[in-house]
Amino acid sequence: MRHVTKDNITDVFMGYFGSDTDPRLKEILKSLVTHLHAFARETNLTHDEWRKGIEFLEWAGNISDEERHEFVLLSDVLGLSSLVDMLHSSPEGTSSSVLGPFHITGAPPLPIGGDLRKDFTEQVLLAEGRVLDPDGNPIEGAELDIWQTAPNGMYSSQDPDQDTYSFHGIQTTDKDGRYAFTSVKPISYTVPGDGPVGEILRASGRHPWRPSHLHYIVKAPGFRPLVTEIFPDDDPYLDEDTVFGVRDDLVMTYIEKPAGSFPAEGFELSGKVDGPYLLASFDLTLVPKGT
Ligand code: BEZ
Ligand code: FE
């Protein structure tokens, strides 16, 4: 087609696919380009604006490396990551939520009752719960990959002063589906703001804060893996997470437990915690594969 116009260019694009194009790729590209062209028409996009957009994407590419995934962050702050999560989250199970860029593989095993707080001196947080199927039956042998920020709001991969696996651990549930560990209360933190995503947040008058949370990836044979986070209900950013990760069912309440009430056994810190501590109880429900 040589007679390409602003009105027919979308249809012309559709006609350029080869006959053996993967049908799903074709479906996705057709829809993407339809919306992209509609966006340019609707906003009457100028050359300058188009160039700024291209420069923005180039900057995101240049700043990305093995550890920094600026395009994932862009998807997060635009709400795309969360929308994809919600499209595929089963109402029968615990909601999924964003993975984020700070998960690292190979975390060490954390026995039930094990401790992630180590030498930090902040108040102890005891996090516990069960992994269940949709009928409420416990799932034994479920694997929980756990990670969170240190009290300074930084993940180990961001902070040269922390060990590689600081505040990371992998726990396997017992016959009652139970998990339990001690840690410190995570705090609210900001997503990286020194790149193009930070720039777009500032230009949009948006803040970069995420409410504090504990991250879990839960896996068990025969069940869909769950990537999620749990959030305390007293966090000031709960209703304005910059990456849209909060869901009603992921919100929990910290319970203040009085001095002298820390479990006398079953925890690495048993016998070592005299003062008050915080309790976060949260059950996680997995849905069977194929549902
Ligand atoms: C996180 O929770 O670790 C995270 C998620 C999305 C963007 C940045 C951080
Ligand atoms: Fe996080």
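Just so you know, ligand 1 is whichever comes first in the structure, and atom 1 is the first atom listed for that ligand. Side chains included, hydrogens not; waters and symmetry mates left out as well; all remaining heavy atoms used. Computed from a predicted model, the values in this text were never measured in an experiment.
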Region of Y189 engaging ligand 1 - heavy atom pairs below 4.0 Å = side chain
So, Y179 versus Y216, ring centres under 6.0 angstrom or not?
-> yes
The Fe ion (ligand 2) to Y155: any N/O/S contact under 2.8 Å?
-> yes
Note the single closest protein heavy atom to atom 5 (C) of ligand 1, along with its residue, its atom name and the distance in Å.
-> G100 CA, 3.3 Å
Can you see which heavy atom on T285 is nearest to which on E92, and at what distance?
-> CG2-O, 3.6 Å
Decide yes or no on salt bridge (charged side-chain N to carboxylate O under 4.0 Å, His left out) for R68 and D194, but give the supporting numbers first.
-> CA-CA 12 Å; R68 180 159 185 165; D194 58 340; 2.9 Å; yes
How are the rings of Y277 and F262 set to each other: parallel, tilted or perpendicular (split at 30° and 60°)?
-> perpendicular
Could you give me the CA-CA distance, side-chain angles and deciding distance for T242 and R206, then say whether side-chain hydrogen bond (donor to acceptor under 3.5 Å, both in side chains) is met?
-> CA-CA 8 Å; T242 201; R206 282 176 57 180; 3.1 Å; yes
Where the closest heavy atom to atom 7 (C) of ligand 1 is concerned, which of T149, V98, D76 has it?
-> D76
Flag R210 as yes when one of its N or O atoms lies below 3.5 Å from any N or O atom of ligand 1, and as no otherwise.
-> yes
With heavy atoms only and a cut-off of under 4.0 Å, state how V72 meets ligand 1: side chain, backbone, both or neither.
-> neither
Closest protein heavy atom to atom 9 (C) of ligand 1, given as residue, atom name and distance to 0.1 Å = P101 CD, 3.3 Å
Tell me, please, if T149 has any N/O/S atom, main chain or side chain, under 2.8 Å from the Fe ion (ligand 2)?
-> no
Ring geometry between F120 and F167 (parallel below 30°, tilted from 30 to 60°, perpendicular above 60°) = tilted
Does ligand 1 have an atom under 4.0 Å from some heavy atom of H103?
-> no
